[in-house]
Amino acid sequence: MRDYSHESVEKKWQDIWEEKQAFKAHQDYSKPKYYPLVEFPYPSGQGLHVGHPRPYTALDIVARKRRMEGYNVLFAIGWDAFGLPTENYAIKNKIHPAIVTEQNIARFKAQCKSIGFSFDWSREINTTDPNYYKWTQWIFIQLFKHGLAYKKEMDINWCTSCKVGLANEEVVNGVCERCGSPVVKRAKSQWMLKITEYAERLIDDLDDLDYIERVKIQQKNWIGKSVGMEIDFKTTTGEVLRVYTTRPDTIYGATYMVVSPEHPMIDERKDVITNMDAIEAYREQARLKSDFERTELNKDKTGVPIEGVWAINPVTEARIPIWISDYVLMSYGTGAIMAVPGHDTRDWEFAKVFDLPIIEVVAGGDVEKEAFTDIADGVLINSPLIDGLKVADAKAVISKYLEEKGLGTPKVNFKLRDWVFSRQRYWGEPIPLVSCPECGWVALPEESLPLKLPEVSSYEPTDNGESPLAAMTDWIETTCPKCGGPAHRETDTMPQWAGSSWYFLRYCDPHNDETFASKEALEYWMPVDWYNGGMEHTTLHLLYSRFWHKFLFDIGAVNTKEPYQKRTSHGMILGENGEKMSKSRGNVVNPDDIVSAYGADTLRVYEMFIGDFEKSVPWSDSSVKGCRRFLERVWSLVDDVNAEEAVSPEFERDIHKAIKKVTEDYETLKFNTAIATLMALLNQYKKAEKITHGDIRYMLLLLNPVAPHITEEIWEMLGFEGMVCEQSWPAYDPEKAKDDVIEMAVQINGKVRATITIEVDSDLDAAREKAMAEEKVQQFTAGKKIVKEIYVPGKIYNIVVKG
RNA sequence: GCGGGCGUGGCGGAAUUGGCAGACGCGCUAGACUUAGGAUCUAGUGUCUAACGACGUGGGAGUUCGAGUCUCUUCGCCCGCACCA
């Protein structure tokens, strides 16, 4: 037998697969389909990270198994290539981002190929390709035409020194990542997408999806539906302050109000407010704070009372003060709250700091010590209309009362905010709209798409907060598609999320230039059957793409209301020291090094064997060696074969058990135990005197999805026909996979004292007879009274004794 | 602060979901082969104990014939975040 040389074996089979187009998804729509999906990577300058192959190998295993099970499988990859790091690299090195992108993609592609993923490379896509972003722009235009895109003044992070807008990521602890200068908020008119219009459906439709529970929970909490009321508070100066609350039952305990520093009533009533100086100073402070500071450092409540105006509690008619504080956000509810310090923790803290009155209106706690927020058992007090009622009933009664009196209306609110869709950047999809003095914002005609990114001399954001495109007068100045008059283009670009919100649709039909994907292709392939990705994408990417898909469904462009039927998530791979891999920590492992030293199959086996797929796990070089050792032992089986027969009788049961276990484990993310099963089976083989072709055949079939190269090579060496990847997935006989004789533990008072070998379906009498024959059992039961016997066939025999 | 998750040998992790805790792998120990071993093979390897045996899944309590698994409580760690009224 020759040595196992991974370089030549892996290259050989990669070439054969490519030549034979072994993994191409077929246009034959009569076969059953399967569509597994992995998150396409951002092609960074660092190249592939060892974190990438974990999810990719996992779904590659599923894809390969499905092909062997007779499915037409669509498994594709592409590049999510717009984005900040490339752009910043381009600025720094004065290279066009398109060139940087091209280089990075070439590297990523070569790396993916070297690991042997069974992608259908003919479907590769790239979000920065005009033939791709043409359709991203087309979708945006549909959103715009259906009223789901609108302009709004929104704050951007503004670096006071660089004089550019910054992404959240570029703001570190309130200062600019690059120059360390303070970052402030600055209002800018931006395009927004009304994802909130889909909030209810984005929650409800989760019920029918096969997402892992923590993804569902996290999405639901992020969307944050709450059922409450908007209630109007009159003020002493005649206007109305509207608040949102989920606890209208506590209204008798509303002893003051708080509005956010940005609340419009402040400017509107400048004339009657007597302490505008103090208010302005507080607002300025709030403005200087980044979101991070406002939330993180603001553990102690701060605020300023508005003097000159009071609110009237609509049920008690009491005159109560109005404060401003940054713990109330303009972006949620109405930007104003009725503060009930007795029964809301934040209000309670605020009241304690500023010595505001606390009235107990729900009995059961001690409001002098802390806010009482238990809504299950509380009973209302000090609330004439609802005294003695439980919280839930009190809510219903007071809501009805307030509604009838015209003081309030029931209202559902969501935490979810609309999606800020504008970026003041160059390396993104141009927004295909023009602003016409006569017609307002007008979409470009669809047949004129793509609107390509123009060549600019500098990619640096401009010092007035505009995108680099804003400096290109000849590009900006255009004519209105509607009236033909002079107009100018939108100069902001789309966020990186845009291209990734629909890429799985393009995989279905990637070369179509009539439409983003043909109806037939979509009807056949969609929905994605299994989408695996990182938890960090749960609330943004996953939600955004569900939103876009639902919209496309509503306009009849796609045939399913959800894009992904199943969603799972993998854990991160950490450095050997247990910390997150990063350049600065110096603990980064490059997959190329593993592939060249041990081979792609070793890398694949290792990443699947390393631990629970769903959990984070530290890298370990010595464990990699163990996986290489396993493959070498598999390789050495070639020499051990000493019979032509099918399966050795002594292995029949083991093989059927292994097929069952591995088949199930590949479906349930338990790749580690699947591989452990194969290792154990191999150990059996190595110990055996006789080992046949048939025995090894099963090992190769089961191991092939994880280690595709070496298994093909051994298959060929042993003279089997065709390729492993063309074979049928082995079936197991449930009867043969079952043990009929087992080792059963015999316990005395819950402690194991002996084991007996017994037929699975034996009854208590048979078990007792065998157990009592054991010396240990006799010893521990001698002279004692048997009070109880628990016998669970196939599991346990426990004797409870006394005395 | 809010939301989500995790604590099992020296290490990564198993445990049919309430039934022999530690599968499989790493590491380690001893031996074999060898000029050599950081290659390979064989055996051993949770802790305490000379042994019988006892103890053991972050800590404490509880339910149960039986708890890593269920309940309560407490401590610690990780991830995400937009103080969401």
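Below, chains carry the letters A, B, ... as their sequence lines are ordered, and counting in each starts from 1.
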Just call it for [X]: base, sugar-phosphate, or nothing, with non-hydrogen atoms closer than 4.0 Å on any strand.
X        : result
A:Ser620 : nothing
A:Asn413 : nothing
A:Glu789 : nothing
A:Gln747 : base
A:Gly333 : nothing

Review point. Which one is paired to B:rG3, where only Watson-Crick or G-U wobble pairs with both distances under 3.5 angstrom count?
Key: B:rC79
**Study point:** A:Arg214 and A:Glu614 ion-paired at < 4.0 Å
**Key:** yes
Review point. Got A:Ser226 and A:Phe414 here, is their nearest side-chain heavy-atom distance under 4.5 Å?
Key: no
Review point. Which letters describe nucleotides 5-18 of chain B, given B = protein heavy atom under 4.0 Å from base, S = only from sugar-phosphate, - = neither?
Key: -SS----BSSS---
Revision key, fill the gap. Under a 4.0 Å heavy-atom criterion, the protein footprint on nucleotides 36-58 of chain B, written with B, S and -, is ----SS-----------SSS---
Output side-chain donor-acceptor pairs under 3.5 Å for residues 790-803 of chain A, partner residues at least two apart or in another chain, one line each.
residue  : atom : partner  : partner atom : Å
A:Tyr791 : OH   : A:Ser762 : O            : 2.8
A:Tyr797 : OH   : A:Glu789 : OE2          : 2.6
A:Asn798 : OD1  : A:Gly750 : N            : 3.1

Practice item. Answer yes or no: are there more than 12 heavy-atom neighbours, outside A:Glu743 itself, under 6.0 Å from its atom CD? Key: yes
Exercise for review: Please assess A:His537 against A:Glu39 for the test side-chain hydrogen bond (donor to acceptor under 3.5 Å, both in side chains), listing each intermediate value before the final yes or no.
Suggested key: CA-CA 10 Å; A:His537 290 126; A:Glu39 288 173 340; 3.1 Å; yes
Study note, to complete from the structure: Only residue of A:Phe671, A:Tyr598, A:Trp619 satisfying ring pair (Phe, Tyr, Trp, His ring centres under 6.0 Å) with A:Tyr606 is A:Trp619
Listed pairs under 3.5 Å, donor-acceptor, residues 775-783 of chain A side chains, sequence neighbours left out:
residue  : atom : partner  : partner atom : Å
A:Gln778 : NE2  : A:Met772 : O            : 2.7
A:Thr781 : OG1  : A:Val777 : O            : 2.7
A:Thr781 : OG1  : A:Gln778 : O            : 3.3

Review point. Quick one: salt bridge (charged side-chain N to carboxylate O under 4.0 Å, His left out) pairs with a partner in residues 749-759 of chain A, sequence neighbours left out?
Key: none
Review point. Do any pairs count as a salt bridge (charged side-chain N to carboxylate O under 4.0 Å, His left out) and have a residue in residues 661-687 of chain A, sequence neighbours left out, and if so which ones?
Key: A:Lys65-A:Glu667, A:Arg66-A:Glu667, A:Asp640-A:Lys686, A:Lys660-A:Glu664, A:Lys661-A:Asp665
Point to revise | Under 4.0 angstrom between A:Lys788 side-chain N/O and B:rC65 OP1 or OP2 | key: yes
Check your understanding: Given B:rA85, is OP1 or OP2 found less than 4.0 Å from the side-chain N or O atoms of A:Tyr327?
Key -> no
